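Structure first, then comments.
Naming: A, B, ... by sequence-line order, numbering from 1 per chain. For clarity, every value in this text was computed on a predicted model and none was experimentally measured.
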2 protein chains.
Amino acid sequence: MSQTAVVQIFKALGDPVRLQIVQRLSNGVPLCMGELSKDLGISRQGARKQIQALVSANVVQLHPGGREVKVQLDAATLAQGRDFIAALEAQWDQRLQALKQFAEQ
Amino acid sequence: MSQTAVVQIFKALGDPVRLQIVQRLSNGVPLCMGELSKDLGISRQGARKQIQALVSANVVQLHPGGREVKVQLDAATLAQGRDFIAALEAQWDQRLQALKQFAEQ
DNA sequence: ACAATATGCAACCAAATGGTTGCATATTGT
DNA sequence: ACAATATGCAACCATTTGGTTGCATATTGT
């Protein structure tokens, strides 16, 4: 997993509209673009651009069919983001452990 | 934990320079701004602005002392980001479980 | 006292971002 | 065939972002 990939993931999640989209998809039901664009407070084309940003970061996948396009969450990409943070925390905890041992010695 | 707080966290991590700064701090050793600005490929003031962005998102804390300012990671904020993703994944897995049961029935 | 070090602040700039509107196109239902 | 639906593409715009340079200020070491 490259550094830049992780940056893209976090950048994708670091926007209120995009995070809301992700949340709406997190229940596993793929939605088509039209549905997904509703209640976001922006135009359909505005929503489309945000969805494209999520696609570019692989946070979401598009599945065209007929005249509509289903948008589906990519849980594996979410896991990459979570794993990255977890790795940072692991280093952090390791350091705290070392400090504790030093204090006790 | 508010939605906007999480957005700020992800936005803070969604930049190559800032992510690199976070990684350098993840070993638990606080560094002062000068040290932190090195090897980032940008000027000190440029780095300063990125550090400020991390401060605003509470990803990092500043501890002034004498003429230097130590920058320290805030692991609790990292945990908030990780927890948010984990919650999304939990919803996702729950849905997959429901689909599995439906298929077996 | 003075030089060196560590930082802060503000103005400025180019590029990216987040949004809009307008129009074109493909699929579906009657 | 035709209307309605779902989407795509491009131009455009204001604001934010990521970076710079220049200068000021406070602390430290000799």
Have a look at Gly46(B) and say if it touches a base, only the backbone sugar-phosphate, or nothing, with a 4.0 Å heavy-atom cut-off. base
Please give, in whole Å, the distance from dG18(C) P to Gln52(A) CD? 13 Å
Sorted by chain and number, sequence neighbours left out, side-chain contact (heavy atoms from CB on, under 4.5 Å) with Ala79(A) holds for Arg82(A), Glu89(B)
Output a table of donor-acceptor pairs, distance under 3.5 Å, between side-chain atoms of residues 61-68 of chain B and any protein atom two or more places apart or on a different chain; print 'none' if there are none.
from     : atom 1 : to       : atom 2 : distance (Å)
Gln61(B) : NE2    : Asp74(B) : OD2    : 3.1
His63(B) : NE2    : Gln72(B) : OE1    : 3.1

Ala75(A): which residues meet the side-chain contact (heavy atoms from CB on, under 4.5 Å) condition with it, sequence neighbours left out? Trp92(B)
Set of side-chain hydrogen bond (donor to acceptor under 3.5 Å, both in side chains) partners for Gln23(A), sequence neighbours left out: Gln3(B)
With sequence neighbours left out, the residues meeting side-chain contact (heavy atoms from CB on, under 4.5 Å) with Asn27(B) are Gln91(A), Val29(B)
Gap between atoms CD and P, on Gln20(B) and dG19(D) respectively (whole Å): 11 Å
Rounded distance in Å - NZ (Lys38(A)) to P (dT5(D)): 11 Å
Going by side-chain contact (heavy atoms from CB on, under 4.5 Å), name the residues that satisfy it together with Ser2(B), two or more places apart in sequence or in a different chain. Thr4(B), Ala5(B)
Quick one: which residue pairs count as a side chain to side chain donor-acceptor pair (under 3.5 Å) with a foot in residues 39-51 of chain A, not counting sequence neighbours? Arg18(A)-Gln50(A), Arg48(A)-Gln52(A)
Can you tell me which stems involve DNA chain C, if a stem is defined as three or more consecutive Watson-Crick or G-U wobble pairs, both distances under 3.5 Å? C:1-30 with D:1-30
Check the orientation of Phe84(A) and Phe10(A). Use parallel for under 30°, tilted for 30 to 60°, and perpendicular for over 60°. perpendicular
Position toward the 5' end of DNA chain C (nearest nucleotide), Gly65(A) or Ser43(A): Ser43(A)
Protein-to-nucleotide contact annotation, 5' to 3' order, nucleotides 7-18 of chain D [B base; S sugar-phosphate only; - none; under 4.0 Å, heavy atom]: BBB-------SB
